[in-house]
Each structure stands twice: as structure tokens, then as C-alpha cells.
Amino acid sequence: MGEKLIVFRHRILSLVIFTMGFFLLMTRAESAYSKGSNSGDELQKLDQQKQNTFSVLACVTWWSHDAVGYHPAMSLFLENTSGQQILGGEIPFQGRFTDVRTGEVTVAREYRRAPIRDHERICIFLRGPRYYELPIESDSWPTVECKAMCRLNNTKVEDLFMVHLAKVTMTDEDAQAQLVAQAGRSPLLIHGKGVRLEEIDDSKHDADKIKQPLRASPGTIAGAASKDVDSKKSAQNNKKSTNTSYPKSLPGIGSDFYAFDKLFGQAVEVQARTGGEDLTWTRYKSNDLIKEVFVGSHNANKADVIIVVMERTLKEKELIPLAKLLANCSKSDSIAPFTHSVKYLPAGRSEIMTTAFRENKILSFQVQNDSSINTVVVASRLPYDTETALSNYCRRVDFLKFLEL
């Protein structure tokens, strides 16, 4: 009887151990399945991110102040990582600012002209049209959800970024500086360059490899002294007209007004900032290849926009070294080739060329000035669309009206 009881106990114990092992195995299997499902969702999200046309390198949100009140604003630093050039007309970007408490939505829009090259970087500035009156205590400020989107090919809507508005007020130029600093720390940037930027061969666009135009020879010199003098004068004039060397000390974006005064002398005209999005503008004259220089600054000290008017028309390859100087490129940096666009205006055909280096945007076109045609080069680090902003500057600043597009 005692032996049977012992055998029965052993069987019960074995059954309990088997049952516990079975339940433990099922629990581990369910956990593994759950992890696999979560990792699948994460992989799906990563695949979706890879399919996005733009990668967000940096985003800054703030309360932007103007004469009427405080506006929710966001600025994004984007890179085209689609692996191809974006074609089409204008690309609409939209920022939706939703008051979480009331549910009220205000929409900001900005348009960027295509084409946008592969790995080209752009800054998008979105500010809600509705204004708020903010109390002193920031804890009482509205909680606003910010969402940035863009529409491609008139069908595909792409969500770019969503975040709550930071409870901080600052000027638009301070926000731009913060955006640039944040982009420099982005894991998608390596020493300020795109991860895949090294795969692009820009050696043929390297300004150091651009050959300078041949200088005109004085021609056949006759024995007469008068002809010799005429030939020398002709050679000097031809040399001046074909020389495309720029001053090595030419100030670029972010330079102090002192650097411009030192190179060109004191400004011949100044228009002070009146508020809002206006700039302080100065005008400098030069007698060399550079005819005039106009500098715009938000803080009346550092150059945010530089407009250079050349004495004559220049070819695209002659503009690359100037663009590098204005954008503060080093010798080892290469700048992307210009993108061309044409407008047919009442005044005639207007061809506009654009390129960029990091956050600095370059724009070039030609203007009819009296009996001559001059090439104009514009460099800007402001987050707005350069062409649209230039049109606004031309309407507000008297000595810039001749540049109106």
C-alpha cells in the first residue's frame, strides 16, 4: 500500500511539472510573437520613412512676434532623399497649427519651386496667420500641435513632422540660427554633409578646376609708337572686360558690416529697418568687375542677404567662384550646379538660376540697366523663399527697385 502511494505521488508531481512547463513554453511563445509583431511594425515604419521624399534634418518651433501679436511658427531643414530629382511646378508645403484646448486650426503655406535635386537641402518657414495675445506666465499659453506636410504631383500628401509648439518667443533670425545649429548635430549629417553626398561626383563643378578665360592679346604691334600705345590700351580694356577674379577678402553671409566698409568704403545709401520682416539695407559702390553690392541685415549688424551686381554678363561657370565666396565655402567644398528656370514677364524673358550650400541659398539672373545688361547674384540665409523675398525687398527699398523680377 505504501509503495502504491509513493508511485501515485510521483505521477502527480510529474503531471504538475509537465503542466507548468507547458504554460511556461506558451508564455514565451506568445512573448516572442508579440516582439516579432512589434519589430515588424517598426520595420514597416522604417520602410515608410525610407519611402518619404524628404528627410527632416532639423525642426524649430516658436512663437513669432509682429505688430499685431504672437503667431505659432515652425521652420524645417529638409533634404531630398528620394534618390531622384523632384520635377513639376511649385511644391506646396503646409503647416497646420491646432489649438489643443479649443480645437481651432490655423494653416500656414509656403511654395517651393521645382526641380529640387537629389540631396538638395531647403529651409521651409511656416507661420500661422492667426495671432494670439500671450499672458506673462508661459504656463498659461495655449498648447498648440504643429504638423508639417507637403503635396507632391498633386496627389501624394507626405507628412513631414509633428510636434508640440515650444513655449518660447524669439525672433525669426534667432530661430533660423537655432535651426542651423540643430541641423549640424543631426545624425543625418556628417560634418555638415549628407550621408550619401560623397557618392555624388561634383569634381567637374569644382571651382578650383575652372579655367580662367584667356586674356586678350594686344594684337599685332606695328612699328609706330601711336599704334603701340593704342594696342596697350586695347589690351588693358580687354583684360578688364574678361577678368573674372574676385577679391579674396569679399565678405560673405554672416559677415559684419565692418568687413564691407573696409573693402568698399562706407555705404553710399542706408535704409533702416522699420520693423516686422524688414531688413536694414546698405548700398556699396565698386569700380571693378563688381559694380554694386547691397547688404540686408535683420539686426543691423550681420549680413543675412547679399546682392551683388556685376559690371557685365557672366557665364554660369564664372559665377560658381562668386557663389562659393558669398556662401562661405572653403576650397575643399563643392557647390551644386545651378538649376535653371524661365519666366515670361511683361518685360520679356527672364532666366533665373538657383543653387544652395547648406543653409545658404544662391540665386542669379540678369537685369537691363540703361544700355547694358548686368548679372545679379543674390545670397541669403533667411528661411524664406529667396525669389519671393527679393520681390518684397524691391517694393520696400527705393534703391532696389531696379531689381524687381
Side-chain angles (χ1 to χ4, degrees), residues 37-38 41-42 44-79 81 90-112 121-152 154-188 275-277 298 359 382-385:
S37 177
N38 291 336
D41 293 340
E42 292 176 358
Q44 186 176 2
K45 290 180 180 179
L46 289 174
D47 290 340
Q48 186 175 1
Q49 289 178 359
K50 289 179 180 179
Q51 293 173 1
N52 285 348
T53 304
F54 293 102
S55 293
V56 180
L57 304 181
C59 178
V60 175
T61 62
W62 74 102
W63 288 97
S64 176
H65 184 258
D66 63 8
V68 295
Y70 292 91
H71 302 258
M74 67 187 307
S75 186
L76 300 99
F77 196 15
L78 307 176
E79 180 175 352
T81 54
E90 290 185 327
I91 300 175
F93 290 85
Q94 184 182 102
R96 294 175 61 88
F97 301 94
T98 306
D99 190 321
V100 175
R101 185 177 64 84
T102 64
E104 185 175 356
V105 177
T106 180
V107 178
R109 292 180 175 86
E110 182 177 340
Y111 296 87
R112 186 54 54 92
R121 299 185 189 124
I122 58 175
C123 288
I124 301 299
F125 175 76
L126 300 166
R127 186 170 73 166
R130 184 197 167 182
Y131 68 90
Y132 291 77
E133 293 181 0
L134 300 180
I136 297 177
E137 295 294 332
S138 61
D139 293 338
S140 303
W141 294 0
T143 300
V144 178
E145 181 186 80
C146 311
K147 184 178 181 180
M149 301 173 289
C150 71
R151 182 183 293 275
L152 300 172
N154 296 322
T155 55
K156 180 184 176 183
V157 177
E158 184 173 311
D159 294 335
L160 298 175
F161 205 75
M162 186 167 66
V163 68
H164 279 84
L165 188 72
K167 293 188 176 183
V168 61
T169 63
M170 55 181 162
T171 62
D172 295 341
E173 57 266 26
D174 289 340
Q176 170 69 6
Q178 185 173 328
L179 181 75
V180 173
Q182 188 182 119
R185 299 190 298 268
S186 172
L188 296 178
E277 297 179 358
H298 255 300
E359 77 280 6
L382 298 180
Y384 326 118
D385 179 73

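Below, each value reflects all heavy atoms present in this structure, side chains not excepted, and no hydrogens, waters or symmetry copies.
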Query raised in the report: Taking only residues two or more places apart in sequence or in another chain, which ones pass side chain to side chain donor-acceptor pair (under 3.5 Å) with Glu110?
Result: Arg112
Query - Residues which pass side-chain contact (heavy atoms from CB on, under 4.5 Å) with Val100, listed by chain and number, not counting sequence neighbours - result: Thr143, Glu145, His164
Query - Partner set under side chain to side chain donor-acceptor pair (under 3.5 Å) for Trp62, not counting sequence neighbours - result: Asp172
Query raised in the report: Which residues pass the ring pair (Phe, Tyr, Trp, His ring centres under 6.0 Å) test with Phe161, sequence neighbours left out?
Result: none
Query raised in the report: Can you find a pair of side-chain heavy atoms, one from Phe93 and one from Leu78, that are under 4.5 Å apart?
Result: yes
Report task. Please name the pair of heavy atoms, one in Arg127 and one in Ser64, separated by the smallest distance, quoted to 0.1 Å. Result -> NH1-OG, 3.1 Å
Report summary line: Minimal heavy-atom distance between Val60 and Met170, with the atoms involved, is CG1-CE, 3.6 Å
Report summary line: All heavy atoms of Thr61 vs all of Cys146, minimum pair found to be CG2-SG, 4.3 Å
Query - By ring pair (Phe, Tyr, Trp, His ring centres under 6.0 Å) - contacts of Phe97 (at least two apart) - result: none
Requested in this report: Under the side-chain contact (heavy atoms from CB on, under 4.5 Å) rule, collect the residues that match up with Thr169, sequence neighbours excluded.
Outcome: Trp63, Tyr70, Leu134, Trp141
Report task. Please identify each residue that fulfils side-chain contact (heavy atoms from CB on, under 4.5 Å) with Arg101, with sequence neighbours left out. Result -> Asp99
Report summary line: Those residues at least two apart in sequence (or on a different chain) that pass salt bridge (Lys or Arg N to Asp or Glu O under 4.0 Å) with Glu104 are Arg130
